[in-house]
Amino acid sequence: MVPIISCKNVSFSYEGKTVVADVDFAIEQGDYLCVVGENGSGKSTLIKGIIGLKQAAAGRIERAEGLNRTAIGYLPQQSLIQRSFPTSVMEIVLSGRLGSKRFISFYTKNDRVIAARVLEKLGLLELASSSFGELSGGQQQRVLLARALAASPDKLKLLILDEPMNGLDPHIKQELYEVIKRLNEDGLTIIMATHDVNTAVSYASKMLLLDEKQEFFGTAHDFQHTGLGRELMRDSCGGHCAICGLAVDEP
Amino acid sequence: MIATLHIHSYQMMGMDSSIGSMGSLVDTLLLMLSYTFLQRALIVGLLVSICSSLLGVSMVLKRFAMIGDGLAHVGFGSLAVATAFNAAPLAVSLPVTVIAAFVLLRLSESGRIKGDAAIALVSASAVAIGVFVISMTTGMNTDVDNYLFGSILALRQSDVVLSVVLCVIVLAAFILLYNRIYAVTFDETFARAIGVRTSVYTTLLAILTALTIVVGMRMVGALLISSLIIFPALSSMNISKRFKSVTILAAGISVTCYLVGVIVSFVYGTPAGATIVLVNLAIFIICWFIRLLNTRVRSRG
């Protein structure tokens with residue numbers, strides 16, 4: 001199968017300083033990849049590279065044919081500015097439609113229909129005219145997810161999420177993971193950066209561990225039984241694999 | 001001292017500043033409209049108020065409010081230097097302030113120097129250069145005083161033309177590019193990812209702000225002009241929670257405050273710039289109380 005995204009020996013740097021090096025992996029349509037690592041390990045930088053917001057200092061990022069801007073949905077890290085921004089849910093979701101529009105553009109009825117459909121899919125339709133700042137953290141993330149999906153609901157192939165679970169309560173996290181899981185089951189390829197390794201391993205099909213360079217890439221199962229991944233799991237999860245249930249020290 | 005200066009100027013132009021308070025509001029307005037300089041002040045002021053409030057919503061939300069303040073100081077410095085060398089004030093001030101807008105924007109976006117500290121440095125330096133050059137040449141005179149605290153008497157025909165052009169540009173940019181300006185203000189990273197050239201829009205906002213400040217500072221003064229950008233946006237954000245209504249409301253508040261400020265200033269002979277800003281402050285406090293009441297009611301319900 002042709003990979004939807006492949007990184008070939010990619011490194012990124014800021015002002016000449018290498019942030020993350022030797023990233024080399026490929027994922028296929030339908031994969032659910034979690035990119036894990038400490039803060040500052042290069043997760044967000046890699047995500048920006050895949051989106052096309054940051055140029056690789058070395059190596060190559062290859063996208064499958066037809067995987068253009070409108071086929072990729074993006075949920076960036078939430079900024080502090082947004083939490084108190086005076087805006088309605090509908091205004092946010094509609095702004096996802098701008099990618100396919102020309103320089104001077106107004107929203108059409110079609111845009112509003114699509115936005116409403118996406119909101120309904122994520123169970124947010126009754127909040128359409130609510131103020132973003134008055135929503136809970138979990139609802140806010142779902143609204144931003146709706147914006148990502150609204151870009152082109154029919155052509156969307158890949159959804160990229162940068163730390164969507166930051167600052168969420170555990171049960172809200174669980175809900176959001178379930179929403180993303182459903183999208184993945186509908187055929188969407190997922191790439192998610194997170195430092196919540198424990199939950200990530202039970203949802204992801206593949207794991208990528210970064211620590212200024214690529215430490216691991218492989219299935220979520222192998223991740224829990226090898227190298228740094230095993231150590232992380234041993235420290236936090238009682239040492240049992242989320243997939244096979246065996247102790248992580250066993251192969 | 002400034003207040004007496006203003007009363008003095010009104011009286012010099014044949015007006016008794018107490019006349020207005022005795023007639024009705026309509027009479028006062030009619031009387032005001034019979035003076036050419038007040039006609040100009042109303043046209044320029046209302047147009048600048050619209051521009052400053054529209055730009056202000058994005059500038060405040062993007063945490064660029066300090067840029068407005070910095071630009072006003074650069075505007076003052078350049079006007080002072082122009083006066084000292086007998087150059088046309090606007091011909092010097094407009095390009096200098098627009099260039100400053102570029103510089104300040106880069107400074108506040110770059111992580112290298114603390115952006116706000118850098119803006120403070122540029123502001124203070126610009127004022128220092130202006131004051132220094134003036135003391136070497138003409139000395140502190142009424143012109144310089146007008147630049148600091150504003151004077152609606154100083155507005156010329158060219159200001160009217162300039163403010164009409166500016167307002168047309170700002171309104172056109174806001175209506176035609178509204179959705180993109182919203183996207184860039186709310187989430188620059190996302191906007192960039194979906195192909196919006198965000199730096200074009202932030203630069204456009206900064207340049208239009210620079211132009212608004214240069215036109216507006218001759219009216220309300222360099223020390224006060226940034227409040228015309230900040231106050232209406234902050235006031236309307238207390239009341240409305242939607243971007244579109246915040247924008248429209250800010251424009252409404254700005255225009256109302258200007259009108260009320262000019263009328264009060266005319267009737268009581270107070271300096272126009274300071275009066276307009278104080279009306280803005282009053283409205284801000286009222287809006288803030290409305291929000292407090294709203295949250296109280298909601299938390300009880």
Side-chain angles (χ1 to χ4, degrees), chain A residues 14-15 44 47-48 50-54 68-108 111 128-135 143-145 147-148 150-152 160 162, chain B residues 56-65 110-112 172-201 204 232-250 287 291 294-295 298-299 301:
Chain A
Y14 281 105
E15 289 161 5
S44 280
I47 293 286
K48 289 210 170 86
I50 295 172
I51 299 280
L53 290 179
K54 172 111 185 103
N68 54 17
R69 219 162 41 213
T70 49
I72 303 179
Y74 177 40
L75 198 162
Q77 244 181 80
Q78 211 180 341
S79 68
L80 272 177
I81 292 182
Q82 286 167 10
R83 280 169 209 263
S84 56
F85 197 100
T87 181
S88 73
V89 167
M90 195 58 168
E91 282 178 323
I92 295 175
V93 178
L94 276 173
S95 73
R97 301 286 307 148
L98 280 176
S100 49
K101 292 190 177 290
R102 269 182 262 172
F103 186 60
I104 290 170
S105 48
F106 301 99
Y107 299 130
T108 60
D111 294 323
S129 56
S130 304
S131 151
F132 185 68
E134 284 160 7
L135 303 182
V143 169
L144 297 181
L145 187 59
R147 177 183 65 174
S152 53
I160 300 181
D162 195 354
Chain B
V57 172
S58 278
M59 297 296 277
V60 167
L61 284 169
K62 285 191 78 58
R63 306 292 192 267
F64 284 166
S110 81
R112 284 202 187 167
F174 252 83
I175 292 168
L176 295 178
L177 307 174
Y178 171 80
N179 290 328
R180 275 155 201 261
I181 290 175
Y182 165 80
V184 171
T185 311
F186 178 68
D187 192 340
E188 208 170 319
T189 320
F190 180 80
R192 217 144 53 85
I194 60 171
V196 178
R197 287 191 297 167
T198 56
S199 61
V200 171
Y201 292 90
L204 179 74
L234 282 183
S235 299
S236 63
M237 276 173 217
N238 275 315
I239 293 188
S240 177
K241 300 287 172 223
R242 255 166 251 163
F243 191 75
K244 193 175 265 172
S245 44
V246 164
T247 309
I248 295 169
L249 193 60
C287 292
R291 193 190 64 175
N294 273 342
T295 39
R298 207 169 301 151
S299 62

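Heavy atoms only: backbone and side chains are in, while hydrogens, waters and symmetry mates are out. Keep in mind that what you see is a predicted model, and the values were worked out from it rather than measured.
At most 12 non-hydrogen atoms from other residues, nucleotides or ligands lie less than 6.0 angstrom from CZ of B:R197.
Both the backbone and the side chain of B:T185 come within less than 4.5 Å of a heavy atom in chain A. Proximity to chain B (any heavy atom under 4.5 Å) is restricted, for A:F132, to the side chain, taken from C-beta onward. Heavy atoms of A:L53 lying under 4.5 Å from chain B belong to its backbone as well as its side chain. With a 4.5 Å cut-off on non-hydrogen atoms, B:L177 touches chain A through its side chain but not through its backbone. For A:R97, no part lies under 4.5 angstrom from a heavy atom of chain B.
In this structure, the side chains of B:R242 and A:T87 stay at 4.5 Å or more apart for every pair of heavy atoms.
For residues 234-241 of chain B, the interface with chain A (any heavy-atom pair closer than 4.5 Å) comprises B:M237, B:S240, B:K241, sorted by residue number.
Rounding to the nearest 0.5 Å gives a distance of 9.0 Å between CG of B:N179 and CG of A:D111. A distance of 9.0 Å separates CG in B:D187 from CG in A:L75, rounded to the nearest 0.5 Å. Separating the CZ atom in B:F190 from the OG atom in A:S95 is a distance of 5.5 Å, to the nearest 0.5 Å. Separating the NZ atom in B:K244 from the CE atom in A:M90 is a distance of 11.0 Å, to the nearest 0.5 Å. A distance of 5.5 Å separates CG in A:L144 from CZ in B:F186, rounded to the nearest 0.5 Å. Atoms OG and CG, from A:S84 and B:L61 in turn, are 8.0 Å apart once rounded to the nearest 0.5 Å.
Taking A:L98, A:I72, A:I160 one by one and counting their heavy-atom pairs under 4.5 Å with chain B, the maximum is reached by A:L98. Between chain B and the residues A:Q82, A:K101, A:Q77, A:Q78, the most heavy-atom pairs under 4.5 angstrom are made by A:Q82.
Note on ring orientation: taking the six-membered ring where Trp is involved, the planes of B:Y182 and A:F85 are perpendicular (angle over 60°, cut-offs 30° and 60°).
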Inset, instruction - Could you check B:T189 against A:K48 for side chain to side chain contact (heavy atoms under 4.5 Å, CB included), going step by step and ending with a plain yes or no? - result: CA-CA 9 Å; B:T189 320; A:K48 289 210 170 86; 4.0 Å; yes
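Among all heavy-atom pairs drawn from B:I194 and A:G96, the shortest one is CD1-O, 4.5 Å.
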